[in-house]
Amino acid sequence: MDDSTDGFLAQSKIWNRDIEKKTIEVMGKRAYGFDKSSDLNTFSMDTPPPYASGRPWHLGAVAQYSQIDAIARSSRMFGNQVLFPVGIDRNGIPVERYTEKKYNISMRSTDREKFLGMCRTALDDLEKEMLALLDTIGYSADFSRLYRTDSDDYRAFTQATFIQQWNAKNIYKGTRPSNYCVGCGTTIADAEIEYSDLSSKLTYIRFKLKGSDKTITIATTRPELLGACAAIMVNPNDDRHKEMIGKKAIVPIYDLEVEIIPHESAKPEFGSGAVMICSYGDYNDVLLFRDLSLKERILVDTFGKMNENAGNEILGLKVKDARSKIVSMLEESGLVEKSEDVSHRTPICERSKTPIEIIPMEEYFLKTVDDKERLMEIAKNIEFIPYQHRQILINWINVASDWPISRRRFYGTEIPIWYCDKCSEPYVPPPGKYYKPWKEAPPSSATCSSCGGKSFRGDDRTFDTWMDSSVSALYVSGYGRDEELFKKTYPITVRTQGVDIIRTWMYYSIVRCSQLSGNAPWKKAWVGGMGLDEHGVKMSKSKGNVVDPSPLMDRYGVDAFRFWAASEASIGSNFSYSESKLAGSQKFLTKLLNLSKLIHALGKPVHDIGYDDLMPADKWIMGEFSALVKDAVSGYKELNFFIPSNRIRNFVWSVFAPHYAEMVKARAYGNGFSDKQKNAAVYTLNHVLDGVLLLTAPICPFITEALWSESHGTGESVHSKTFPALGRSEERYMLGDALVKFNSMVWAEKKDKGMSLRDSISIAIPDELKEMSDDLRAMHNIK
RNA sequence: GGGCCCAUGGUCUAGCGGUUAUGACGUUUCCUUCACAUGGAAAAGGCCGGGAGUUCGAAUCUCCCUGGGCCCACCA
């Protein structure tokens, strides 16, 4: 029987990346597919398809993926058939921006077809790196069914789900003031906006009152929108302006008459207490225009320049230039009362960091507001791990508005709509194929439902990239394509993701999947915390504090990294990167390696050992081990790796190695004990070690595989096993405290007397430990 | 303004009503044949942010305060 592992473990005293690589060489790689005809219980997962955006993949993300992998692995060890998909998200603005930067080109001045090709090349490179990294960390997903959100197949799926929702009237076309990013040249959703405190000037401008010498002073940060002013509001309780309510003011330069109206949202203490309402300076303006039925006048075009409504003086100027021009015009006329520097919380695009403009755009919207109650119900029925994070979703469901899904961009799934040349009625094709309306004709059967026309022009827009990823749960479970698989795997057992994309990926997934399938996409949602830098600050590219995990894994080993990720913080909490703790994890694995070497050196266990053949010390550790199994397994059941990782480390490092292994070493060597007694020790050591390896396998797949193969041969993998059953535990395991206390006492005594730990000593063994006397005498060399 | 989370030895962290508060890193001292010096052993170091309350009993529950972090809304 030569199934040894070439002894590659014996040569090493520490656990590191090199041995991990050797382990893969010796043991090979396992494939983890999903067998839909299996009788095992199904455990299905909906995992985040990582976005190929060109960033170095940051440590927090890799830590999260290693935990997601541990979920899959532990679930297999519970005896489930696990659907563990892997995909790469490749659509949308980030890759377009990456491509523009890489080739120093601009998307809109590049041929669309050519630009798409460049994006694809860039993506292929990025994808390679990401897959290599997933492979490095031992990600045990089904790579044979790797999906890409920009494949013809996936895009056809995205389009098919859109068409289904279109036919169900969940989607409508509407023109409404939208968040428009001048930098990206497209409408974006509320979820894509972030805020930044930018310095700005608050300009106080005098308006004349109609038919009077009096003036009213308004304060604004957007003087260039003067020509869009439709009303002035003042607080009804503001004595300074009370008598002006109902009067008309004249907008300077533009000579427009606007009414002065009372409104609670005008704060007397801010600025001059009088506000001009324009289309559209901010979101509040949008609400006021709607509530007061004001007539909008749009001054900014989609290039961020002033249009003809703004008047000849500033026509064609960029917003910022128009602003200074208007201010100087007003100054010349003596209408600027004063100007203050203010810090203004400005909405900006999360991709391009450009301040957004609010411009009415015709876009497609997916209805979510009408669905609020049902979404809330679903949110309440999904089990959140940890439960606190559900609140973030609920808060967002409450405030979210309908989702604008169309983007004026190139690299994304095309909106499958054509418009009748005659009457402009939209034509939506049947689902099932991948449509590219910007360059292809509609199906030959296409006929305008309104006028019977046969000639069409295609919509040239794409979808928001969340339209693709929001149906990942349906895609991986075979919705609409594989009924058998779908029945088995949907709703998905668990969605895994980070807390940072609850408003986007989680929210949109619930909206889309539930509207399409009629029920919640998942039973559980596992929400991991964010990776922070060593100072507890969120890692981000702009702050330059992103930690690259690859060199760390090379230095300390992947298993050390995975163990660190599992043991660093309880589920859902943010975790700070700490190199010293990573090093600490490596030390633990080194401990486990060396302990295992000792046990293997003592020989193979004799299998016909029964519980009654064990000596008291053996029964004691069996009891301790049983308690470990119980705790670790319950942690795995909760998908919380903090519990098993810490519990295992504590057991191995503080109980099993220093107390039990030290105590029975002499017996296991056979020094002064009978064969039967020796065998009991060898058996127990092996039994507990095997159990520890099984319990550690989901978190540290490499070291457990290597050590397992040392005693079981390379023919069988630890990753094909199930968790150990609860062992027998007698009251005896309560002796642990007494034992630890006694050992410490002996060690301290020897130290006090300047003795070596091996020197013999005369010391009384306490009554409660009398039954372990033989082992203790051998351990401490007690006379 | 609304919501969520956090505050425990030098640093990070466990703790979910009950005897001398967990562990890691760091620090000090001692110990190298026989698994491991990236090791072992011993030790120092905390009135569990402040205040009030509930309780026989609070790091743990409630309220207030202070100081952090995050999310949402609003900011002309």
Side-chain angles (χ1 to χ4, degrees), chain A residues 9-10 12-16 190 195 197 200 202-203 218-223 225 232-233 265-267 269-278 281-285 287-288 342-346 386 388-396 398-400 499-500 502-503 529-530 532 534 536-538 556 560 564 567-570 572-602 642-643 646-647 649-650 653-654 657-658 661-662 665-666 669 671 743-752 754-758:
Chain A
L9 291 175
S12 190
K13 287 186 172 181
I14 57 168
W15 185 262
N16 57 26
D190 292 345
Y195 291 86
D197 287 313
S200 174
L202 185 63
T203 309
I218 63 98
T220 181
T221 55
R222 303 287 311 260
L225 294 181
I232 289 172
M233 65 171 178
S265 70
K267 287 178 196 154
E269 66 278 7
F270 189 92
S272 63
V275 195
M276 65 174 191
I277 306 170
C278 5
D282 59 39
Y283 187 63
N284 197 38
D285 285 339
L287 298 180
L288 290 166
V342 289
S343 173
H344 186 212
R345 192 154 180 261
T346 311
Q388 300 94 301
H389 288 337
R390 185 202 318 268
Q391 197 58 41
I392 301 174
L393 174 65
I394 287 182
N395 290 348
W396 186 247
N398 268 322
V399 301
V499 68
D500 54 328
I502 289 179
R503 289 191 302 159
M530 299 311 300
L532 311 176
E534 53 269 66
V537 177
K538 197 165 150 183
Y556 299 101
W564 167 76
S567 61
E568 181 54 28
S570 209
S573 308
N574 294 343
F575 49 96
S576 297
Y577 163 65
S578 154
E579 184 157 354
S580 64
K581 287 198 166 190
L582 186 52
S585 293
Q586 186 194 25
K587 283 189 196 171
F588 167 65
L589 299 183
T590 295
K591 186 78 192 170
L592 189 58
L593 166 70
N594 285 299
L595 177 65
S596 159
K597 276 160 66 175
L598 166 70
I599 293 172
H600 290 135
L602 294 171
F642 181 85
I643 295 171
N646 283 288
R647 189 69 176 75
R649 171 159 56 187
N650 183 261
W653 221 335
S654 308
E662 290 295 343
K665 204 153 54 169
Y669 275 123
N671 302 339
N743 288 339
S744 287
M745 190 266 283
V746 177
W747 284 322
E749 182 81 6
K750 285 187 174 178
K751 190 187 171 183
D752 279 354
M755 301 162 73
S756 154
L757 290 182
R758 286 174 214 298

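Residue numbers begin at 1 in each chain, while the letters A, B, ... track the order of the sequences. Fair warning: this is a prediction, and the values are worked out from it, not measured in the lab.
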Pick base, sugar-phosphate or nothing for [X], based on heavy-atom distances below 4.0 Å to the nucleic acid.
{"X": "A:Trp653", "answer": "sugar-phosphate"}
{"X": "A:Asp282", "answer": "sugar-phosphate"}
{"X": "A:Ser654", "answer": "nothing"}
{"X": "A:Ala219", "answer": "base"}
{"X": "A:Ser578", "answer": "nothing"}
{"X": "A:Ala266", "answer": "base"}

I need the [atom1]-[atom2] distance between [X] and [N], as an integer number of Å.
{"X": "A:Phe575", "N": "B:A14", "atom1": "CZ", "atom2": "C1'", "answer": "18 Å"}
{"X": "A:Asp500", "N": "B:C4", "atom1": "CG", "atom2": "P", "answer": "21 Å"}
{"X": "A:Gln391", "N": "B:G2", "atom1": "CD", "atom2": "P", "answer": "15 Å"}
{"X": "A:Asp190", "N": "B:C71", "atom1": "CG", "atom2": "P", "answer": "16 Å"}
{"X": "A:Asn594", "N": "B:A35", "atom1": "CG", "atom2": "C1'", "answer": "5 Å"}
{"X": "A:Ile502", "N": "B:C4", "atom1": "CD1", "atom2": "C1'", "answer": "11 Å"}
{"X": "A:Phe588", "N": "B:G39", "atom1": "CZ", "atom2": "P", "answer": "13 Å"}
{"X": "A:Met745", "N": "B:A41", "atom1": "CE", "atom2": "P", "answer": "17 Å"}

For the side chain of [X], counting heavy atoms from C-beta on, which of [options] is nearest?
{"X": "A:Lys597", "options": "B:C25, B:A35, B:A42", "answer": "B:A35"}
{"X": "A:Val399", "options": "B:C72, B:A35, B:C5", "answer": "B:C72"}
{"X": "A:Gln388", "options": "B:C34, B:U38, B:C5", "answer": "B:C5"}
{"X": "A:Trp747", "options": "B:A42, B:A73, B:A35", "answer": "B:A42"}
{"X": "A:Asn395", "options": "B:A73, B:G3, B:U13", "answer": "B:G3"}
{"X": "A:Asn284", "options": "B:C74, B:C4, B:C75", "answer": "B:C75"}
{"X": "A:Lys267", "options": "B:A73, B:C74, B:G40", "answer": "B:C74"}
{"X": "A:Arg503", "options": "B:G3, B:C72, B:C36", "answer": "B:C72"}
{"X": "A:Lys587", "options": "B:C25, B:C4, B:C72", "answer": "B:C25"}

[N] and [M]: how far apart are their [atom1] atoms, nearest whole angstrom?
{"N": "B:C36", "M": "B:C12", "atom1": "P", "value": "36 Å"}
{"N": "B:C30", "M": "B:A37", "atom1": "C1'", "value": "14 Å"}
{"N": "B:G2", "M": "B:A59", "atom1": "P", "value": "31 Å"}
{"N": "B:A21", "M": "B:A14", "atom1": "C1'", "value": "10 Å"}
{"N": "B:G57", "M": "B:G18", "atom1": "C1'", "value": "7 Å"}
{"N": "B:U8", "M": "B:C16", "atom1": "C1'", "value": "15 Å"}
{"N": "B:A7", "M": "B:G15", "atom1": "P", "value": "10 Å"}
{"N": "B:G9", "M": "B:C48", "atom1": "C1'", "value": "10 Å"}

* To do: Give a yes or no on whether a donor-acceptor pair under 3.5 Å exists between the nucleobase atoms of B:A35, that is its base, and the side chain of A:Glu662.
  => yes
* Asked: Do the side chain of A:Lys581 and the base of B:C12 come within less than 3.5 angstrom through a donor-acceptor pair of N or O atoms?
  -> yes
Quick one: is [X] getting a side-chain N or O under 4.0 Å of the [N] phosphate, OP1 or OP2?
{"X": "A:Tyr577", "N": "B:U11", "result": "no"}
{"X": "A:Ser744", "N": "B:A42", "result": "yes"}
{"X": "A:Lys13", "N": "B:U38", "result": "no"}
{"X": "A:Lys591", "N": "B:G40", "result": "yes"}

Using purine N1 to pyrimidine N3 plus N6-O4 or O6-N4 for Watson-Crick, or N1-O2 and O6-N3 for G-U wobble, each under 3.5 Å, what pairs with [N]?
{"N": "B:G39", "value": "B:C31"}
{"N": "B:U54", "value": "none"}
{"N": "B:C48", "value": "none"}
{"N": "B:U19", "value": "none"}
{"N": "B:A73", "value": "none"}

* Asked: Taking for each residue the nucleotide of RNA chain B bearing the nearest heavy atom, is the 5' side occupied by A:Asn646 or by A:Glu568?
  ->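 Of the two residues, A:Glu568 wins.
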* Between A:Thr220 and A:Trp15, just flag the one whose closest nucleotide in RNA chain B comes earlier from the 5' side. =>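 The residue mapped nearer the 5' terminus is A:Trp15.
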Between atom [atom1] of [X] and atom [atom2] of [Y], what is the distance when rounded to the nearest 0.5 Å?
{"X": "A:Leu225", "Y": "A:Met276", "atom1": "CG", "atom2": "CE", "result": "6.0 Å"}
{"X": "A:Leu595", "Y": "A:Trp653", "atom1": "CG", "atom2": "CH2", "result": "12.0 Å"}
{"X": "A:Lys597", "Y": "A:Leu602", "atom1": "NZ", "atom2": "CG", "result": "13.5 Å"}
{"X": "A:Ile277", "Y": "A:Thr220", "atom1": "CD1", "atom2": "OG1", "result": "11.5 Å"}

* Take A:Cys278 and A:Arg222 through the side chain to side chain contact (heavy atoms under 4.5 Å, CB included) test and state the conclusion after the steps. => CA-CA 9 Å; A:Cys278 5; A:Arg222 303 287 311 260; 5.8 Å; no
* Does the pair A:Ser200 and A:Thr346 meet the rule for a side chain to side chain contact (heavy atoms under 4.5 Å, CB included), with working shown? -> CA-CA 10 Å; A:Ser200 174; A:Thr346 311; over 6 Å; no
* Asked: Is a donor on one side and an acceptor on the other found under 3.5 Å between the side chain of A:Asn650 and the backbone of A:Arg647?
  ->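 Judged by distance alone, no pair lies under 3.5 Å.
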* Asked: Any donor and acceptor pair, going by atom type alone, linking the side chain of A:Thr590 with main-chain N or O of A:Trp15 inside 3.5 Å?
  ->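 Checked: pair present.
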* Do A:Tyr556 and A:Leu589 have side-chain heavy atoms sitting under 4.5 Å apart? -> no
